[in-house]
Amino acid sequence: MIVGVVGKIAAGKTTIAKFFEEKGFCRVSCSEPLIDLLTHNVKDYSWIPELPEKGEPTRERLIEFGKYLKDRYGGDVLIRLAIDKKRHCRNIVIDGVRSKEEIEAIKRAGGVVIYVDADPETRFKRLMDRKAGKDRGIKRFEDFKRMDDAEEELYHTSKLKDMADYVIVNDGTLEELRRRVEEIIRKVVE
């Protein structure tokens, strides 16, 4: 079973994917193949489209290289690479699905898609709390809003909600989110 998790920045995609991982799913992020290619860490792949110049995987560079790969190798290239990386796993959860083509690839493989959302203020607070290296250029809510708007313009993430099999509004506690996700896990692994 393949499960894709879609949502805006800091909506809870990775948290949801980790809940699936706790239940035995192999977790992989859509950005992992990009990071692996940019850092030349490609031992886990049976194929790679091409290796770029080795460099630091900043959010901007990941977006730029991801767009290049999709334009050159198809909009589902990151899903194909993520599945390839975890090809020895029975169940895979893919965190950070970002396009119609990626959702379609998951569904073609018999998978399901979860869309997760939260209001912008909540997502900004989460982003500040997590202090991820790729987010270090975001210091203020205005920076976050610019990045969020740019990502929406690039990926049209909010429009992907209609393609999802499940929608979660992640505005409560971690335990409430866990309960919602465990309900979905029960449905998809039956």
Side-chain angles (χ1 to χ4, degrees), residues 2 4-18 21 26-87 92-106 113-118 120 122-160:
I2 298 171
V5 185
V6 185
K8 294 194 165 238
I9 298 169
K13 297 178 300 291
T14 301
T15 302
I16 288 173
K18 286 179 179 178
E21 187 176 37
C26 293
R27 180 171 60 95
V28 62
S29 167
C30 265
S31 60
E32 251 178 76
L34 292 172
I35 293 167
D36 291 343
L37 290 169
L38 286 168
T39 59
H40 293 197
N41 177 25
V42 294
K43 65 182 177 0
D44 293 332
Y45 298 89
S46 67
W47 69 281
I48 53 169
E50 65 182 80
L51 277 178
E53 181 179 326
K54 195 172 185 176
E56 183 181 351
T58 61
R59 183 179 289 277
E60 291 77 19
R61 189 130 189 254
L62 292 170
I63 289 170
E64 178 185 315
F65 187 53
K67 185 174 178 349
Y68 167 78
L69 285 180
K70 288 177 181 186
D71 289 345
R72 182 141 185 192
Y73 299 99
D76 65 344
V77 67
L78 299 181
I79 296 298
R80 289 184 283 135
L81 285 165
I83 290 171
D84 180 61
K85 181 174 184 174
K86 298 298 183 179
R87 66 191 174 279
I92 302 170
V93 60
I94 304 173
D95 170 8
V97 175
R98 298 234 190 282
S99 72
K100 175 181 179 269
E101 294 83 5
E102 291 175 350
I103 289 173
E104 289 169 346
I106 290 167
V113 175
I114 299 169
Y115 185 94
V116 59
D117 201 3
T122 300
R123 293 185 296 112
F124 174 67
K125 182 182 179 325
R126 289 177 184 155
L127 185 128
M128 292 292 93
D129 289 347
R130 74 184 185 193
K131 296 178 175 56
K134 66 183 178 182
D135 300 323
R136 66 176 156 256
I138 301 172
K139 305 279 188 228
R140 301 169 304 134
F141 183 74
E142 293 76 25
D143 302 329
F144 169 78
K145 191 73 176 112
R146 259 193 310 281
M147 177 66 74
D148 196 42
D149 291 346
E151 189 170 279
E152 177 64 27
E153 186 175 324
L154 181 62
Y155 301 120
H156 309 287
T157 311
S158 60
K159 293 180 181 172
L160 301 176

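None of the values given here were measured: they were computed from a predicted structure.
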Atom of I35, atom of P57 and distance for their closest heavy-atom approach: CG1-CB, 3.9 Å
Over 12 non-hydrogen atoms of neighbours within 6.0 angstrom of NZ in K18: no
Donor-acceptor under 3.5 Å (R123 side chain, A118 main chain): yes
Nearest heavy-atom neighbours spanning V28 and E32: CA-OE2, 3.5 Å
Residue pair I106, V97: steps toward the side chain to side chain contact (heavy atoms under 4.5 Å, CB included) verdict: CA-CA 9 Å; I106 290 167; V97 175; 3.6 Å; yes
Minimum heavy-atom distance between P49 and Y73, given as atom pair plus value: O-OH, 3.4 Å
Plane angle bin for F124 and F144 - parallel if under 30°, tilted between 30 and 60°, otherwise perpendicular: tilted
Nearest heavy atoms of D76 and A105, plus distance in Å: CB-CB, 3.7 Å
Value rounded to 0.5 Å, distance of CG in L78 from CG in L34: 4.5 Å
Given K145, R140, R146, the one that forms salt bridge (charged side-chain N to carboxylate O under 4.0 Å, His left out) with E142: R140
Y45 side chain reached by P33 side chain, heavy atoms, under 4.5 Å: yes
Gap between atom CG of L37 and atom CD of E53 - 0.5 Å precision: 14.0 Å
Criterion side chain to side chain contact (heavy atoms under 4.5 Å, CB included) on Y155 and I63, from CA distance to verdict: CA-CA 10 Å; Y155 301 120; I63 289 170; 3.8 Å; yes
Heavy-atom closest contact (V116 atom, G12 atom, distance): CG1-C, 4.2 Å
Check against side chain to side chain contact (heavy atoms under 4.5 Å, CB included), D95 and I16: CA-CA 8 Å; D95 170 8; I16 288 173; over 6 Å; no
Salt bridge (charged side-chain N to carboxylate O under 4.0 Å, His left out) between E101 and K70, intermediate numbers included: CA-CA 10 Å; E101 294 83 5; K70 288 177 181 186; over 6 Å; no
Donor-acceptor side-chain pairing of Y68 and E50 below 3.5 angstrom: yes
Test item: side-chain donor near acceptor, E151 and T157, under 3.5 Å: no
Separation of E64 CD from T58 OG1 (nearest 0.5 Å): 8.5 Å
Given R98, K100, E104, the one that forms side-chain contact (heavy atoms from CB on, under 4.5 Å) with E102: R98
CG on L154 to NZ on K67, rounded to 0.5 Å: 7.0 Å
Note, D44 side chain near D36 side chain (heavy atom, < 4.5 Å): no
R126 side chain reached by I9 side chain, heavy atoms, under 4.5 Å: no
Distance (rounded to the nearest 0.5 Å) between K13 NZ and Y115 OH: 9.0 Å
Heavy-atom side-chain contact between I94 and I83 under 4.5 Å: yes
Nearest-0.5 Å distance that lies between atom OG in S99 and atom CG in L160: 7.0 Å
Within 6.0 Å of CD in E152, more than 12 heavy atoms from elsewhere: yes
